[in-house]
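Heavy-atom basis, side chains included; hydrogens, waters and symmetry copies ignored. Just so it is clear: chains get the letters A, B, ... in the order the sequence lines come, proteins before strands, and each one is counted from 1.
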Protein chains: 4
Amino acid sequence: MAKLKSNQKREQIFHAGLKLFAENGYSKTTINDIAREAGVSFGTVFTYYENKAALFRACVTEPLDEFRQYMLTANEELESITLQKLKNLVGQHIDFFMEKEHYLRVIQYVIGQPYRFDEMEVLDEFADEFRSFIQHIVKTGMDKGILPASSPEEVSYGYLAFLMGMRLSFTDQARAHQTNAFKNQALRLFGL
Amino acid sequence: MAKLKSNQKREQIFHAGLKLFAENGYSKTTINDIAREAGVSFGTVFTYYENKAALFRACVTEPLDEFRQYMLTANEELESITLQKLKNLVGQHIDFFMEKEHYLRVIQYVIGQPYRFDEMEVLDEFADEFRSFIQHIVKTGMDKGILPASSPEEVSYGYLAFLMGMRLSFTDQARAHQTNAFKNQALRLFGL
Amino acid sequence: MAKLKSNQKREQIFHAGLKLFAENGYSKTTINDIAREAGVSFGTVFTYYENKAALFRACVTEPLDEFRQYMLTANEELESITLQKLKNLVGQHIDFFMEKEHYLRVIQYVIGQPYRFDEMEVLDEFADEFRSFIQHIVKTGMDKGILPASSPEEVSYGYLAFLMGMRLSFTDQARAHQTNAFKNQALRLFGL
Amino acid sequence: MAKLKSNQKREQIFHAGLKLFAENGYSKTTINDIAREAGVSFGTVFTYYENKAALFRACVTEPLDEFRQYMLTANEELESITLQKLKNLVGQHIDFFMEKEHYLRVIQYVIGQPYRFDEMEVLDEFADEFRSFIQHIVKTGMDKGILPASSPEEVSYGYLAFLMGMRLSFTDQARAHQTNAFKNQALRLFGL
DNA sequence: AATGAATGAGGCTTCATTCAT
DNA sequence: CATGAATGAAGCCTCATTCAT
């Protein structure tokens, strides 16, 4: 019981941090802001995270596991891939990236300042994993005759760039409309 | 025009600011850092820019004019567009975005924190201009039979997202190789 | 007498406090440090001492009783004083002061900051008692022809200064060797 | 001129720090206290000293030079030492230690917490120098027949202990009276 | 009695801005 | 114009104390 309560506060703090880091960057976000957003007192933040940097690190690295889990699941289903399934997959990616705005902004924030944040390493590794995942899809798709001839590597670079740019280059006007546009454009990157 | 004499120092400060804001963000960058990078003394920064925010604003807004200039020139040449010319145009965009790393990182920094920076408005306007420019290309290309049927609006969204994501989602390993990959992928967004 | 049961923990805390206050001073020593050193939990410290200041006060004042007890005993034996007994007495003082390093450091810490700690008063009183004790020895020694002519008051000042300085001015290299040096020097203060 | 002004403020801060560190210890002394005592603003302290620790280090180490200078001068005069001169010398030491209360309290504060402060090393070195100085005096005095047979090393330990204890074990009641007592007692340590 | 999570006051430090030289 | 010393607001972090379990 006691543990549960603790984890709840930790998560409140985590989400407050994620939101505010995403919206205002690292330096502009104060511990006070985070505490207020999380509904806890100033000092409580330090009960759960050693310092501001540790909370930021958690915000950057912990969510990666969810992505990884997703990739594992998706990879298993690749054996029985069809054109429709592949379109669904891309659609899922778009939706997924669209949903995780806060997290992606934090990611982008780190990528944009690679000399400043050590977390960059973890992200580089993850980007490699993701591109491998995409390359595997492209290869399988070409083998099954679903996709036209492509350089899997080029597609993986372009697709990741597109997903990041899509979510991060626009603020949220006409979101629904854009989402469809992005799905169509994303398919073109696969040669569809 | 008395200002002309000192424009050199102003520019040194400007470029120092651009570089450091790009690499470390707004808050982490100190006036001292900028002065040192620019090779001027601390106080001199305030001789040319009223305060830190004014310098940042300049870094965000002033370079837009160069982009605009480029778009105007390119628009004039659209009348005589051919497939090869269009491929060249896309190649130029890729090269251009690749070159302007510092500036684009600053742009992305502002886009990522729209509630924080007033400069966002200017950037939104510019994004609209750029997408209009792209839509004009797509329409002309379709009219001339160079491009397959597309939604010009969708292409414009996807293409801008792609350009931003391309430059900003990767740090600089294997840059030359990636550039080619990006050119190929970009053409796919136009249906090529 | 219900308190008796728990006296063990109280003493653990007391000695942890004495050691850490001696080694790091009052402010630098945290309740957490004390709890860890004492092998009890954080909150338990507050079960036995109302607050940090109360524990410190205990560390400063309680050990004085042991000194007082010693002086009483020694005073009784003064009637039958001989030169050898007096030398033994001085040797005991040196040994005693050498042994009580932690406590003397705490004492010195308070003496060094008399405006800061209320405990100073108690220590002043005790210093007076100790000097009276020394003066009594000197007078008795002169009466018995054991000691050369001296100002008892001057000796009492000098001897106390010497005892304090001896233990507190040196860290613990070559301790055994120094102890002998100090015994010889101490006797000189009595004119021997 | 500009330098002069700077050095003046630096010295004000230095002396404020010395006084307050002596009276209240390191942790209890705040930068704010120092600034107020020095008559400068809070931020100005950091213009002259990188941080609190650096100011403290300066307070501990810089005054040593004055002592060293004194020892050099005194050493030169040792050739023509007489009993009267030696008594004067001891008197000077007493006076000197009596005057430098603030500094000696800071020294004692560091000696009392050797694990806490790196400055201890410098002080250990200085203590060695001082004891060498004393040993030289004792040897010369014995050679010239001024002093009775002694172990120069033992005297050097005892004398330094005495000087420190004298200044630090008593607060300032009856200062003048004590000073004389201490001078007489100090001579006894030399066998006089 | 024992524990340790929650709290927030207080201190060090950074840094934008001002202004005298 | 150029400089950099002076200033103090604001933020991170520590830690004594409280209190519910």
Side-chain angles (χ1 to χ4, degrees), chain A residues 1-3 5-6 8-10 13 26-35 39-55, chain B residues 2-3 5-6 9-10 26-35 40-56, chain C residues 2-3 5-6 9-10 13 26-35 40-56, chain D residues 1-3 5-10 13 26-35 39-55:
Chain A
M1 259 322 194
K3 268 292 174 194
K5 196 172 161 194
S6 291
Q8 192 194 330
K9 289 212 172 172
R10 172 182 283 268
I13 294 166
Y26 182 78
S27 299
K28 187 74 185 306
T29 300
T30 71
I31 299 285
N32 235 323
D33 293 340
I34 292 170
V40 301
S41 84
F42 178 79
T44 299
V45 175
F46 292 95
T47 303
Y48 292 96
Y49 293 92
E50 198 185 350
N51 51 35
K52 191 183 175 182
L55 171 56
Chain B
K3 288 277 170 154
K5 192 182 62 179
S6 307
K9 286 204 176 177
R10 171 182 282 267
Y26 182 78
S27 300
K28 186 76 185 305
T29 300
T30 71
I31 299 286
N32 227 325
D33 292 340
I34 293 170
V40 301
S41 85
F42 177 75
T44 301
V45 175
F46 291 94
T47 304
Y48 291 95
Y49 293 92
E50 196 187 347
N51 52 34
K52 190 181 174 182
L55 172 55
F56 186 74
Chain C
K3 288 277 169 153
K5 192 182 62 178
S6 308
K9 285 205 178 180
R10 170 181 284 268
I13 294 166
Y26 182 78
S27 299
K28 185 78 185 304
T29 300
T30 71
I31 300 287
N32 227 324
D33 292 340
I34 292 170
V40 301
S41 85
F42 177 75
T44 301
V45 175
F46 290 94
T47 304
Y48 291 95
Y49 292 93
E50 194 187 349
N51 52 33
K52 191 181 173 182
L55 171 56
F56 186 74
Chain D
M1 259 325 195
K3 267 294 175 192
K5 196 173 158 194
S6 289
N7 282 338
Q8 192 193 330
K9 288 214 172 169
R10 171 181 284 269
I13 294 166
Y26 182 78
S27 299
K28 186 77 186 305
T29 300
T30 72
I31 298 284
N32 234 325
D33 293 340
I34 293 170
V40 301
S41 84
F42 179 79
T44 299
V45 175
F46 293 94
T47 302
Y48 292 96
Y49 293 92
E50 197 185 348
N51 50 36
K52 190 181 175 182
L55 172 55

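- Between D:Thr47 and F:dA5 there is no side-chain N or O to OP1 or OP2 distance below 4.0 Å.
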Q.
Counting primed atoms plus P, OP1 and OP2 as sugar-phosphate and everything else as base, spell out the protein contacts along nucleotides 14-19 of chain E at 4.0 Å heavy-atom distance: B, S or - for each nucleotide, 5' to 3'.
A. BSSBB-
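- Atom CZ of A:Phe42 is separated from atom CD1 of A:Ile34 by 10.0 Å, given to the nearest 0.5 angstrom.
- If you take CZ of C:Phe56 and C1' of F:dA16, they are 16 Å apart, rounded to a whole angstrom.
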Q.
Output the pairing pattern of DNA chain F as a dot-bracket string, 5' first, Watson-Crick or G-U wobble with both distances under 3.5 Å, | for cross-strand pairs, [ ] for crossing pairs.
A. .||||||||||||||||||||
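- The side chain of A:Ser41 places an N or O atom within less than 4.0 Å of a non-bridging phosphate oxygen (OP1 or OP2) of E:dT7.
- Smallest separation of non-hydrogen atoms from B:Ile31 and B:Phe46: CG2-CE1, 3.7 Å.
- In this view, C:Thr30 and C:Asn32, C:Asp33 satisfy the side chain to side chain contact (heavy atoms under 4.5 Å, CB included) rule, not counting sequence neighbours.
- Between A:Ile13 and A:Val45, the shortest heavy-atom distance links the atoms CD1-CA, 3.9 Å.
- The OH-P distance, from D:Tyr48 to F:dA5, rounds to 7 Å in whole Å.
- Heavy-atom distances to DNA chain E give each of C:Val40 and A:Thr44 a nearest nucleotide, and the one nearer the 5′ end belongs to C:Val40.
- Rounding to whole angstrom units, CG of residue D:Asn7 and P of F:dA5 are separated by 12 Å.
- Judged by distance alone, with hydrogens and angles left aside, the side-chain atoms of D:Tyr26 form no donor-acceptor pair with the main-chain N or O of C:Ser27 at under 3.5 Å.
- Look at A:Lys9 and you'll find a side-chain N or O under 4.0 angstrom from OP1 or OP2 of E:dA6.
- Whole-Å rounding puts the D:Ile34 CD1 to E:dG11 P distance at 12 Å.
- In this structure, A:Arg10 places its CZ atom 15 Å from C1' of E:dA6, rounding to the nearest Å.
- Atom CG in D:Asn7 sits 8.0 Å away from atom OH in D:Tyr48 (nearest 0.5 Å).
- A:Leu55 contributes atom CG, which lies 9.5 Å from atom CZ of A:Arg10 (distance to the nearest 0.5 angstrom).
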